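Worksheet for the structure shown next.
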Number of protein chains: 2
Amino acid sequence: MASIKDVAAEAGVSVATVSRVLNDHPSVSEDARARVLAAVEALGYRPNAVARSLRTDQTRTLGLVISDVLNPYFTELARSVEEEARALGYSVIIGNADERPDLQDHHIRTLLDRRIDGLLVSPTDGGSPLILDAARAGTPMVFVDRWIPGVDVPVVRSDGRAAVRDLVAHLYGLGHRRLAIIAGPAATTTGSERVEAFRAAMAEYGLPLPDAYTGQGDFQAESGRRVTEGFLDLPEPPEVVFAADNLMALGALDAVRARGLRVPRDIALAAFDDIRWFVHTDPPITAIAQPTGELGRAAVRALVDRIEGRPPQSVTLPARLVVRRSCGEPDPQEPPAPEESPASQEPSPVTNRSQT
Amino acid sequence: MASIKDVAAEAGVSVATVSRVLNDHPSVSEDARARVLAAVEALGYRPNAVARSLRTDQTRTLGLVISDVLNPYFTELARSVEEEARALGYSVIIGNADERPDLQDHHIRTLLDRRIDGLLVSPTDGGSPLILDAARAGTPMVFVDRWIPGVDVPVVRSDGRAAVRDLVAHLYGLGHRRLAIIAGPAATTTGSERVEAFRAAMAEYGLPLPDAYTGQGDFQAESGRRVTEGFLDLPEPPEVVFAADNLMALGALDAVRARGLRVPRDIALAAFDDIRWFVHTDPPITAIAQPTGELGRAAVRALVDRIEGRPPQSVTLPARLVVRRSCGEPDPQEPPAPEESPASQEPSPVTNRSQT
DNA sequence: CTGAAAGCGCTTACAG
DNA sequence: CTGAAAGCGCTTACAG
């Protein structure tokens, strides 16, 4: 592979001049520039990014560590992150933690070894020493979606409390009283916050959330199945199961189906995180939708601000309830293909918190 | 950040010795090793992968360029690729082409600039000059899923012909005669092969595949919707729509639903690529399942063989038909959670080609 | 405007 | 077993 030396030789200039041309340095004669460009073309030369990074101490690369690529929510997040990063001149390397703290650390370590310019993390746990150290050591970092309390790192996330309250109002209105939740890991903020929001909203309606109706999941489908089976085995099963993410909802559906039961006739179901397939499931599933794309973009902007020396900003965006038929109400003729941005700009009545 | 020099100073040895310890070079005294390790620990030293790569001319990194991360098929492929790569000591950087040749080239260029050790590509098109040049220049490369004919690069893919024939047999047995297909881009192998397999299988049953029943999609949901609307507008709409990937099936479902029609009563639907949600859609969707995880792993092994100087091998794995209810047949009580590997080892009767 | 030279953080023959 | 030194491919003050 041709190096800068080859180009210099071909163009009859020094490597310094080649470098200047390549980096759009102003003080290069037109003649030199033309000769260099011609040589670059002739040799098919491409600068070695590894060497450049070593010299400039920047890689123009962002690391993104997410908890589970197979979760459509994170896939979409990853996509929007890459898009915004590309627009700002950065590449992104994704690390998939698979909800495993050890894998998360593996990826963070690898990313740090590669000297990425900044790190976007959605922590799988309460914070490994590695993350904490990196943050303390001054690695530019931003938390997306999930975060670790007590660490001085900007957080870009969505607040689902209002939407959860809307959901409980919806369920209550439908006559449901025994509501259960499949929670995410308590060590994650999204894991605990969603349960707390649910519990708080239920309290407003004078409804208790007994331990038996609080199942511990891990954001993966299998745990949703297992917890739902437990619910169904109860002497008095819940009337509604609220899954704290879409994969656990999938598992819940598997469990319900395996028993030959029907949603919502035998048990109602709702999920945190909306995905396109929810429109076509049997029945369509009521869900809480996050402004995923916007979260990803805001996270990148915050991180790049931090990297480039501007003060980064934490961002919290609201989630919203999307009512479908899985809790018993007739489908309110959902508009086709509800795109994220327009919809969140003009919220429908059902989206708004109606009481407090 | 501490460098190798700092470690050497701390340990009272030369950087060469530090390097030897770090790389498990045999000729290092126990004493030196212990002092270096202690210094590494004390300083929290991590080798700079950028510098190491520049020096050794290898990055221990694989590039993976896929056509669409949002497509669950590719997400799963990416996941298995990363898993196998990690097991073999490599990292992977994913580039998402979004079915856009220009974006694909952008990622390939970036990856090449970063001097990845090898490239896994599922080409979005018939082959840009960039890919062709890279292949010719000797960049270790392997095609996964899609490939480019006439290029000397190993291919790891699945052959869906038998499964497509099974599908047509299934449809024919159900009494369907007017079968339509939503094809992928003709420039991709999977785009054209699936249509060809479908057409050939239909011919065996004496069924023609008229142009009006061949819609041109681009593997994205929106095109599936558009094409399906066209089918439904026909004076004589097809009885079955076969979508060449799962996203176009999603779009087809959107279109059918928007008209207030029902699957399979008004029109039957089948898809290439199986996803977990297909079990829970209304109705459950008949699909052709690829051994996605195995494809990803085989692709990595082939690429690493190539990188490490062993002869790489092309691999073709069979896909299989999974019958559900979207074409009219009653659901044959599908076993719960059909995992990929065991299922493909003991194919059910319906999975096997019964005639020819 | 241009080039020689230093240096980024490593690895690895080469001597000893 | 160990260290001094060269060199990977760049960028960038420093002189001119």
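Owing to the predicted nature of the structure, the values given are computational and were not obtained by experimental measurement. A, B, ... follow the sequence lines: proteins, then strands. Residue 1 opens every chain.
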Report task. Return the nucleotide paired to C/dA13: Watson-Crick means purine N1 to pyrimidine N3 with N6-O4 or O6-N4, wobble means G-U with N1-O2 and O6-N3, both under 3.5 Å. Result ->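 Across any shown strand, C/dA13 pairs with none.
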Looking at [X] and [Y], does any basic side-chain N land under 4.0 Å from a carboxylate oxygen?
X: B/Arg79; Y: B/Glu76; result: no
X: B/Arg100; Y: B/Asp102; result: yes
X: B/Asp113; Y: B/Arg109; result: no

Are there any protein N/O atoms within less than 3.5 Å of an N/O atom in nucleotides 13-16 of chain D, and if so, which ones and at what distance?
residue	atom	partner	partner atom	Å
D/dA13	N6	A/Arg20	NH2	3.2

Query raised in the report: On DNA chain D, nearest-nucleotide positions of A/Arg52 versus B/Ala51: which is more 5'?
Result: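 Here B/Ala51 is the residue nearer the 5' end.
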**Report entry** 5' priority, DNA chain D, between B/Val28 and A/Val50 [closest heavy atom]
**Finding:**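 So the residue in question is B/Val28.
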At under 4.0 Å between heavy atoms, what does [X] touch on the DNA or RNA strands: base, sugar-phosphate, or nothing?
X: B/Ala49; value: nothing
X: B/Thr56; value: sugar-phosphate
X: A/Ser3; value: sugar-phosphate

Report task. Taking atom C1' in both D/dT12 and D/dG16, compute the distance separating them and give it to the nearest angstrom. Result ->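 Nearest-Å result for D/dT12 against D/dG16 at atom C1': 16 Å.
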If the cut-off is 4.0 Å, is [X] near the phosphate of [N], judged by side-chain N/O to OP1 or OP2?
X: B/Ser29; N: D/dT2; value: yes
X: A/Thr17; N: C/dT2; value: no
X: A/Asn48; N: D/dC8; value: no

Atom pair distance, as rounded to whole Å: [atom1] in [X] and [atom2] in [N]:
X: A/Arg115; N: D/dC10; atom1: CZ; atom2: P; result: 21 Å
X: A/Arg33; N: C/dC1; atom1: CZ; atom2: P; result: 9 Å
X: B/Asn23; N: D/dT2; atom1: CG; atom2: P; result: 15 Å
X: B/Ile4; N: C/dT12; atom1: CD1; atom2: C1'; result: 12 Å
X: B/Arg60; N: C/dC10; atom1: CZ; atom2: C1'; result: 17 Å
X: B/Leu54; N: C/dG9; atom1: CG; atom2: P; result: 12 Å
X: B/Asp113; N: D/dG9; atom1: CG; atom2: C1'; result: 13 Å
X: A/Arg35; N: C/dC1; atom1: CZ; atom2: C1'; result: 12 Å

Query raised in the report: When you measure from the side chain of A/Ser27, which nucleotide among C/dC10, C/dT2, D/dA4 comes out closest?
Result: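 Among the listed nucleotides, the one closest to the side chain of A/Ser27 is C/dT2.
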Requested in this report: Test B/Asp305 against B/Arg301 for salt bridge (Lys or Arg N to Asp or Glu O under 4.0 Å), laying out the working first.
Outcome: CA-CA 6 Å; B/Asp305 279 344; B/Arg301 285 192 295 265; over 6 Å; no
Requested in this report: Step through the shown structure and confirm whether more than 12 heavy atoms of other residues, nucleotides or ligands are within 6.0 Å of CG on A/Asp152.
Outcome: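 Not more than 12 within 6.0 Å, no.
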**Report entry** A/Arg115 versus A/Ser53, side-chain donor and acceptor atoms under 3.5 Å
**Finding:**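 No donor-acceptor contact under 3.5 Å links the two side chains.
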Query raised in the report: Hey, does the side chain of B/Thr75 reach the backbone of B/Asn71 with a donor-acceptor pair shorter than 3.5 angstrom?
Result: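 Pair found, side chain donor or acceptor close to backbone of B/Asn71.
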Query raised in the report: If we only count heavy atoms from C-beta on, is the A/Tyr45 to A/Leu22 side-chain gap below 4.5 Å?
Result: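 With C-beta onward as the side chain, the pair touches.
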